[in-house]
Structures are given as structure tokens and as C-alpha cells.
Amino acid sequence: EAGVTQFPSHSVIEKGQTVTLRCDPISGHDNLYWYRRVMGKEIKFLLHFVKESKQDESGMPNNRFLAERTGGTYSTLKVQPAELEDSGVYFCASSRGLAGDDTQYFGPGTRLTVL
Amino acid sequence: QKEVEQNSGPLSVPEGAIASLNCTYSDRGSQSFFWYRQYSGKSPELIMSIYSNGDKEDGRFTAQLNKASQYVSLLIRDSQPSDSATYLCAVNADFGNEKLTFGTGTRLTIIP
């Protein structure tokens, strides 16, 4: 079974530019999560999809961030326009969402650097 | 006060000894507790989950939960150099709210 994959692994952009991160969850996992780790801080929740619906987006920092999950498969996270403080590692995770099995499996992350 | 607190380390333990990692959390209503291991540049990997007070053992790993004290720990017996990694404590506030709240992680080094 393939794990959670993320693309790109690294992205370096200038302030004001747009970046789109992609996450492919484990096949069959209805739940998809985005998290972010800023340098020196803990991993923080951004949002949670159940299939194509946003279940919880309470962690999204502001309206420069837009997440989509069309068709309930892969998800994208767009940052537009990027700011310096957006630099960090963006993790995606997925889970089955079944009772008694709430394990979240994480992808390798996308390291975003905004110059 | 941080929601989930861990000692950032680094924690150095001789090979073969027991490594003890600790975590406290502030939300008394928290229901699910997880320990993830993260090697440098890699994805966090779940190694233990615990939901009830007491101990849960899986191989060389034992998770301990004390909800009254809002404390969860991870013991690694017979530590191996391959156990050297950052260990992340994560808490799920309540059933139906699945977002994880993480601590900053404890960096563990096993000394051969």
C-alpha cells in the first residue's frame, strides 16, 4: 500500500508569488489533513477534509491560504500571495476515519521557503 | 501555557538502556494520545496510540497514560542507535474532532 505522497518536496519562492502544494492520501482514506511546522515550533493543524468537504478549517491562518479536495481524492493547498512567515514544512496526513481506527498517516512534507 | 508540552532535549541514552520520554497536556477532556517518531527530513511515523489510563506495551515500547495528572509517557526498552530520532507527542481533543495537537518534540540520541 502506497503511503501519503506530497509534491513538491521543496519549494523556494519570492514574497508575493503563488505556490500550490499537492497531497495524495492513501487510497481509500476519506480523511485528509493539512498541518504546518514553522521553524522551531510545533506541528500545527491547518484543516481537515472528509472526502471533498471541509470538516474543520479552524487552523487556516488567513485568507491567503486556499485548500481544495476536488472529487475527494488528492488535495491542493495554495498560498497566494506568499509572505515570509509562510515558510515552513507543510505536512499532509490521511486516515480511514473508521470507528476505532483514527491513525493519521503522514506524508514526507513540503518544505516551503519564502524569500 | 502550551497545550502539549515536551522537553525538547536533546536526551542522550546509552545503548541498551531505557529511554523515558514525557508529555503533559492542558485539555483535560483529551481522549486520544499518540507518539510519533520522526527521523530528520522524514515524515512522522506513528509508533504508539493510547486511549485509556494505564500502560500499553508493544514490543520494546510502552506508553503510559495518566489522565488525572494529564500526563503521557513513552518508554523505550533496550534502546538501539536506530531509535535516535525526534519523538512527537500528539493529542486529540475529543472524539469527532480529529485534529491533532502536537508538542514540539523531544530529540533522542542513543549512544553506542
Side-chain angles (χ1 to χ4, degrees), chain A residues 2-10 21 23-26 29-51 53-60 67 88-111, chain B residues 1-10 21-27 29-52 56 58 61 63 65 72 85-107:
Chain A
V4 177
T5 58
Q6 293 186 244
F7 182 82
S9 57
H10 294 83
L21 314 180
C23 168
D24 287 79
I26 294 172
H29 282 195
D30 285 342
N31 291 272
L32 187 149
Y33 311 82
W34 283 98
Y35 293 86
R36 177 175 73 172
R37 184 168 197 164
V38 173
M39 178 79 75
K41 303 287 187 180
E42 67 273 21
I43 297 173
K44 285 200 168 182
F45 169 83
L46 295 178
L47 89 159
H48 169 205
F49 283 100
V50 177
K51 297 185 180 179
S53 300
K54 291 177 185 175
Q55 180 80 4
D56 181 355
E57 52 184 327
S58 61
M60 293 289 264
V89 181
Y90 289 77
F91 290 103
C92 176
S94 71
S95 72
R96 292 187 185 279
L98 299 177
D101 182 8
D102 58 354
T103 300
Q104 294 185 27
Y105 298 89
F106 281 74
T110 293
R111 181 175 296 277
Chain B
Q1 180 191 8
K2 288 185 178 179
E3 294 181 65
V4 177
E5 293 210 46
Q6 296 181 253
N7 187 327
S8 60
L21 304 164
N22 304 313
C23 173
T24 58
Y25 58 95
S26 61
D27 186 343
S30 298
Q31 297 288 339
S32 307
F33 307 86
F34 306 89
W35 283 100
Y36 282 84
R37 177 178 62 198
Q38 186 177 24
Y39 294 113
S40 182
K42 302 295 184 182
S43 55
E45 172 194 10
L46 181 72
I47 52 173
M48 288 288 284
S49 59
I50 187 166
Y51 305 92
S52 304
K56 179 181 177 182
D58 183 1
F61 299 96
L65 174 61
V72 58
T86 295
Y87 288 80
L88 303 168
C89 174
V91 175
N92 183 326
D94 52 29
F95 296 124
N97 178 2
E98 297 180 27
K99 67 180 182 184
L100 295 177
T101 300
F102 282 87
T104 52
T106 298
R107 188 151 52 94

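Residue numbering restarts at 1 for every chain, and letters A, B, ... go by the order of the sequence lines.
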Neighbour count above 12 (heavy atom, 6.0 Å) for B:K42 NZ: no
A:F7, CZ: over 12 other non-hydrogen atoms inside 6.0 angstrom: no
Under 4.5 Å from any heavy atom of chain A - which part of B:Q6: neither
Residue part contacting chain A, namely of B:L100, when any heavy atom lies under 4.5 Å: both
What's the separation between atom CD in A:Q55 and atom NZ in B:K99, rounded to the nearest 0.5 Å? 12.0 Å
How far does OG1 of B:T101 sit from CD1 of A:I43, to the nearest 0.5 angstrom? 11.5 Å
Which of the residues A:Y35, A:Y105, A:F91 is involved in the greatest number of heavy-atom pairs with chain B at under 4.5 angstrom? A:Y35
Scored by heavy-atom pairs under 4.5 Å with chain B, the best of A:K44, A:Q104, A:K41, A:R37 is A:Q104
Heavy-atom pairs under 4.5 Å with chain A: which of B:A90, B:P44, B:G41, B:G103 has the most? B:P44
For B:R107, all residues meeting salt bridge (charged side-chain N to carboxylate O under 4.0 Å, His left out), sequence neighbours excluded: none
Could you tell me whether the side chain of A:V50 reaches within less than 4.5 Å of the side chain of B:E98, counting heavy atoms only? no
Which region of A:S95, side chain (C-beta onward) or backbone (N, CA, C, O), has a non-hydrogen atom less than 4.5 Å from a non-hydrogen atom of chain B, or is it both or neither? side chain
Where do B:S43 and A:G107 come nearest, in terms of heavy atoms and distance? CB-O, 2.8 Å
Applying side chain to side chain donor-acceptor pair (under 3.5 Å) to A:E57 and not counting sequence neighbours gives none
